[in-house]
Amino acid sequence: MLNKLLDLIFPPKCPFCGKILQGKTPVCNNCMTSLPYIKGKACKICGRPVEETSHIICASCRFNKTYFEHAFIPLIYKEKAKDAILGLKTAHPYYAKGIAYILADKVINSHHYTSFDLITFVPQDKMTFKNRGYNQAELIARELSKILNIPCVPTLRKIPGGRPQHTLSAAERRENVKKCFFATENSYSGTALLVDDIYTTGATSNYCAKLLRKMGFSRVYLAISMIRTDD
Ligand SMILES: [Zn+2]
Ligand SMILES: [Zn+2]
């Protein structure tokens with residue numbers, strides 16, 4: 001009842017174009033077909049688009065050890081996808097629903113799809129969480145959890161400090177993450193699906209995957225809404 005009332009006052013909007021949604025789907029029909037999806041040849045491990053003539057594993061995955069089996073990434077961080085993620089991070093936590101819908105579609109329809117025991121997410125430090133009021137990766141994870149019907153559990157910890165990842169080179173990022181992210185308990189097993197909002201060099205999610213493996217998971221997959229391809 002309350003939800004219906006809220007929908008009347010604040011009708012749900014498509015996170016990608018801002019149009020009021022007509023049906024129950026959290027993304028409008030037009031955006032479903034016109035988003036900047038990753039198309040064509042992509043790295044078998046991280047899903048990054050690669051040249052048609054290049055190796056099936058991208059340079060980054062060939063030269064750095066990866067601790068995850070595969071990354072499900074549907075979108076490229078540009079155009080309407082970029083608008084939606086910036087909207088989610090700044091003012092519209094409910095955009096997570098539509099973003100998770102596109103992510104779930106990618107996971108379910110991939111030939112890498114497998115059964116996951118648990119969904120978890122890349123954590124935020126307390127200060128960032130306090131300033132923003134929520135962790136956008138957690139919101140996407142919780143929506144994905146509802147769609148896939150797999151429990152969502154916080155597993156990792158992040159402390160403030162370290163340098164902002166976007167100011168660092170790929171090698172510096174790999175060192176920097178070691179100072180910020182920590183494992184919690186070691187009593188897990190099975191397959192984890194680790195959720196984040198944006199994949200840049202993969203340093204953060206790969207390190208978090210390494211921690212999850214240490215915590216007992218035998219396999220870790222990544223589900224990340226979009227990838228930056230411009231740096
Ligand atoms: Zn739309
Ligand atoms: Zn790769």
Side-chain angles (χ1 to χ4, degrees), residues 7 10-88 91-107 110-112 122 140 143 165 169-171 173-174 177 193-194 196 198-210 213 219-231:
D7 282 357
F10 306 107
K13 290 177 184 166
C14 171
F16 297 98
C17 68
K19 282 201 191 102
I20 291 172
L21 294 163
Q22 301 302 331
K24 285 217 159 92
T25 312
V27 178
C28 79
N29 284 341
N30 181 37
C31 287
M32 279 305 285
T33 54
S34 64
L35 290 175
Y37 292 104
I38 297 176
K39 288 181 192 141
K41 198 172 169 186
C43 170
K44 232 174 130 181
I45 298 174
C46 73
R48 181 181 295 280
V50 290
E51 296 290 322
E52 281 302 320
T53 51
S54 77
H55 207 281
I56 191 75
I57 311 270
C58 78
S60 171
C61 291
R62 255 182 295 148
F63 299 121
N64 302 297
K65 183 167 170 51
T66 47
Y67 294 90
F68 57 91
E69 308 296 318
H70 179 74
F72 302 101
I73 309 178
L75 300 165
I76 295 173
Y77 177 80
K78 64 176 184 182
E79 302 157 12
K80 291 194 274 191
K82 185 176 174 180
D83 296 344
I85 209 79
L86 292 177
L88 170 66
H92 305 294
Y94 69 93
Y95 279 8
K97 199 171 180 179
I99 293 167
Y101 183 80
I102 299 292
L103 187 53
D105 192 55
K106 175 76 183 186
V107 173
S110 165
H111 64 271
H112 292 278
V122 172
I140 299 171
E143 293 297 336
Q165 286 288 83
S169 70
R173 284 171 192 236
R174 285 193 292 277
V177 290
L193 185 60
L194 173 67
D196 203 2
I198 305 168
Y199 188 100
T200 305
T201 62
T204 300
S205 40
N206 193 36
Y207 188 66
C208 287
K210 184 181 180 181
R213 295 282 299 274
R219 293 191 303 166
V220 177
Y221 287 77
L222 309 182
I224 304 182
S225 59
M226 53 197 79
I227 188 165
R228 283 187 90 121
T229 54
D230 54 355
D231 57 12

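Whatever order the structure lists them in is the order used to number ligands and atoms, beginning at 1.
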Tell me the angle that SG of Cys31 and SG of Cys14 form around the Zn ion (ligand 1), rounded to 10°.
110°
State, to the nearest 10 degrees, the angle whose vertex is the Zn ion (ligand 1) and whose arms point to SG of Cys28 and SG of Cys17.
110°
Report, one line per pair, each donor and acceptor closer than 3.5 Å where one atom sits in a side chain of residues 29-40; sequence neighbours left out.
{"residue": "Thr33", "atom": "OG1", "partner": "Asn30", "partner atom": "O", "Å": "3.0"}
{"residue": "Ser34", "atom": "OG", "partner": "Asn30", "partner atom": "O", "Å": "2.8"}
{"residue": "Ser34", "atom": "OG", "partner": "Lys80", "partner atom": "NZ", "Å": "2.8"}
{"residue": "Tyr37", "atom": "OH", "partner": "Met32", "partner atom": "O", "Å": "2.6"}

Counting only protein N/O/S, how many atoms fall short of 2.8 Å from the Zn ion (ligand 2)?
4
When you compare the side chain of [Y] with that of [X], does any pair of heavy atoms fall below 4.5 Å?
X: Tyr67; Y: Val220; value: no
X: Ile85; Y: Ser225; value: yes
X: Cys17; Y: Cys28; value: yes

Relative to the ring of Tyr199, is the ring of Phe68 parallel (under 30°), tilted (30 to 60°) or perpendicular (over 60°)?
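Perpendicular.
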Taking every non-hydrogen atom, the tightest pair across Glu51 and Lys41:
O-CD, 3.7 Å
A cation-pi test, strictly: NZ or CZ of Lys97 under 6.0 Å from the centre of the six-membered ring of Tyr101 and no more than 45 degrees from its axis. Yes or no?
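That pair does not qualify as a cation-pi contact.
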